[in-house]
Number of protein chains: 2
Amino acid sequence: MTDPSAPPLTRIQQKNRDLILQGALDAFSANGLRGATIDQIARAAGLSKPNVLYYFDSKDDIHKTLLTTLLDMWLAPMQRINPQGDPLTEVLRYVQAKLRMSRDYPRESRLFAYEILQGAPHLTAILGGGLRDIVDRTVEVLERWMSEGRLARVEPRHLIFSIWSMTQHYADFEIQVRAVLGPGHDPFAEAGAFLEDLYRKLLTP
Amino acid sequence: MTDPSAPPLTRIQQKNRDLILQGALDAFSANGLRGATIDQIARAAGLSKPNVLYYFDSKDDIHKTLLTTLLDMWLAPMQRINPQGDPLTEVLRYVQAKLRMSRDYPRESRLFAYEILQGAPHLTAILGGGLRDIVDRTVEVLERWMSEGRLARVEPRHLIFSIWSMTQHYADFEIQVRAVLGPGHDPFAEAGAFLEDLYRKLLTP
DNA sequence: CGGATTATTGACCAAACGGTCAGGATCAGG
DNA sequence: CCTGATCCTGACCGTTTGGTCAATAATCCG
């Protein structure tokens, strides 16, 4: 992804590009691509607007960089599923890892939610390419486990969708979740127990 | 919701307000509140921009009206759960009804998704009020069924979240779903079978 | 028909926004 | 300490956008 022929970043470049991406994460995850302004990003980063545009060509450039930078981290838990491990344990661990990501990185979750909602103008290539490959590899593992009778038979791809949707729901729709639950609840802890139960019942052969 | 002291709408008012709300649904569900422009709405409605603002005070007014108008329809399936019916049948019917709504009304689903993502600036009152009441009533029914041993014990509110998230996922993230599945799939039909299986296994006592 | 109400629009405005640029400040290396 | 490269900013520009308004057209109703 990073151009190897490009000159290495100076200390200041490193720091400021990082500040900008952090500010942009705040802005984009709160307001979406069109809703966030460069001024907002600059303020969040503690820089001036022209200075932000000194480090990035445009708002779109920041957005694209942010998405591609975070995508690997976002997809990592699925790649940590161990094909040699115990099927149920591996899936349950993936579910809990994904839920923890929603709890600890809600901004990232919302960033991707906005992007997909919008029709993924910056991610279409990846959706049909890299992402699909990663999913296909996981699906193969799941199907093997199912045909070995070590996991109940369900449509693997929709199993994955269910994990994505339920875990990310607690980040993307956190306001709704909290409004419905009322005070005195720990949404993520409760969700952890609920999902553990759900997937155990669904996937135990 | 509708002010009864207000004069009744003329035929033309009726028709044009409707056209505008239809156009606004297109625009808002595709681009979000800030992403959609009044011009866009006007074009989609086949009216001029000033004419749109003759019928509504502002873009926010259109958005607010649209949300409150559609909320009842969006929440209706949950209120159709029959406390006297067979527990599993009632829940499964609700799940399928919600999935059909995602298939048939994806724009509405995305409209609400954007609004909640954004922090629900126009719906906060309803989230903690009317919505919570409706959920509470359903939760009571579910809890009764569970204590009667006619439904497996799970946290009822998180059960509801799971239904919302999984069914709406197929509308809100349709692009991702289609990209991952590839061609030759009917996402909603497959999802229907998957969810039927999932909730049967989860909720059978 | 005729007058009053309602509907519609082109022209316009101010603010917000994405982005540019010339010039000055700062910093790294010799 | 000098010099060139990097870094930073105030002022500015063109466009888009939400919204207004005066004037015109269509409709309604007695």
Side-chain angles (χ1 to χ4, degrees), chain A residues 3 5-67 111 114-115 118 121-122, chain B residues 3 5-67 111 114-115 118 121-122:
Chain A
D3 185 355
S5 76
L9 298 179
T10 69
R11 185 175 42 84
I12 296 179
Q13 281 167 348
Q14 192 66 256
K15 190 195 66 179
N16 281 350
R17 284 181 65 98
D18 222 67
L19 281 173
I20 292 168
L21 291 176
Q22 277 301 314
L25 180 55
D26 274 344
F28 287 136
S29 67
N31 301 110
L33 172 55
R34 302 202 203 195
T37 69
I38 301 181
D39 253 318
Q40 218 172 46
I41 296 171
R43 228 175 301 126
L47 301 173
S48 69
K49 187 171 75 162
N51 205 12
V52 167
L53 288 164
Y54 173 75
Y55 289 102
F56 291 91
D57 289 340
S58 63
K59 190 169 84 165
D60 264 46
D61 184 25
I62 302 175
H63 191 243
K64 207 179 209 160
T65 304
L66 196 58
L67 282 173
L111 179 78
Y114 270 117
E115 174 68 5
Q118 205 139 72
H122 283 167
Chain B
D3 187 354
S5 76
L9 298 179
T10 69
R11 187 174 41 85
I12 296 179
Q13 281 167 348
Q14 191 68 256
K15 190 196 67 179
N16 281 350
R17 283 181 67 98
D18 223 65
L19 281 173
I20 292 167
L21 290 177
Q22 278 301 315
L25 180 55
D26 275 345
F28 287 136
S29 67
N31 302 109
L33 172 55
R34 302 203 203 194
T37 69
I38 300 182
D39 253 318
Q40 219 171 47
I41 296 170
R43 227 175 301 126
L47 300 172
S48 69
K49 187 171 73 160
N51 205 11
V52 167
L53 288 164
Y54 173 75
Y55 288 103
F56 291 91
D57 288 342
S58 64
K59 190 170 84 164
D60 264 46
D61 184 25
I62 302 175
H63 191 243
K64 208 179 209 159
T65 304
L66 195 59
L67 282 173
L111 179 78
Y114 270 117
E115 174 67 7
Q118 204 139 71
H122 284 166

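The sequence lines fix the lettering, A, B, ..., with proteins before strands; numbering per chain opens at 1.
Interatomic distance, R34(A) CZ to L33(B) CG, rounded to the nearest 0.5 Å: 12.5 Å. Separation of atoms NZ (K59(B)) and OG1 (T37(B)) is listed at 7.0 Å; rounding is to 0.5 Å.
Look at Q13(A) and you'll find a side-chain N or O under 4.0 angstrom from OP1 or OP2 of dC7(D). In terms of phosphate contacts, Y54(A) brings no side-chain nitrogen or oxygen within less than 4.0 Å of OP1 or OP2 of dC8(D). At dT6(C), none of the side-chain N or O atoms of N16(B) fall inside 4.0 Å of OP1 or OP2 (strictly under the cut-off). Taking only side-chain nitrogens and oxygens, N51(A) never comes nearer than 4.0 Å to OP1 or OP2 of dG10(D).
Contact between I41(A) and A27(A) at its shortest, heavy atoms only, is CG1-CB, 3.8 Å. Contact between A24(A) and I62(A) at its shortest, heavy atoms only, is CB-CG2, 3.5 Å. Closest approach of Q118(A) and N31(B) over heavy atoms only: NE2-O, 3.9 Å.
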**Message:** Could you walk me through whether Y55(A) and I12(A) satisfy the side chain to side chain contact (heavy atoms under 4.5 Å, CB included) test, starting with their C-alpha distance in whole Å, then the side-chain angles of each, then the deciding distance to 0.1 Å, before giving a yes or no?
**Reply:** CA-CA 10 Å; Y55(A) 289 102; I12(A) 296 179; 3.5 Å; yes
**Message:** Within the 4.0 Å limit for protein heavy atoms, which parts of nucleotides 14-20 of chain D are touched? Write it as a string from 5' to 3', B for base, S for sugar-phosphate only, - for none.
**Reply:** ---SBBB
**Prompt:** What is the per-nucleotide protein-contact pattern of nucleotides 25-30 of chain D, from the 5' end, where B denotes a base atom under 4.0 Å from a protein heavy atom, S denotes such proximity for sugar-phosphate atoms only, and - denotes neither?
**Reply:** ---S--
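Under the 30°/60° scheme for interplanar angles, the aromatic rings of F28(A) and H63(A) are found to stand perpendicular.
Atom NZ in K15(B) sits about 12 Å away from atom C1' in dT8(C), given to the nearest Å. At whole-Å resolution of the value, CZ in R17(A) and P in dT6(D) are 15 Å apart. Nucleotide dC7(D) holds its P atom 14 Å from the CG atom of L19(A), rounded to whole Å.
In this structure the side chain of D39(B) reaches within 4.5 angstrom of the side chain of R43(B), judged on heavy atoms.
Exactly one residue among L21(A), D57(A), D60(A) makes a side-chain contact (heavy atoms from CB on, under 4.5 Å) with T65(A). That residue is L21(A).
Contact annotation for Y55(A): backbone-only contact, meaning every heavy-atom pair under 4.0 Å involves sugar-phosphate atoms and none involves a base.
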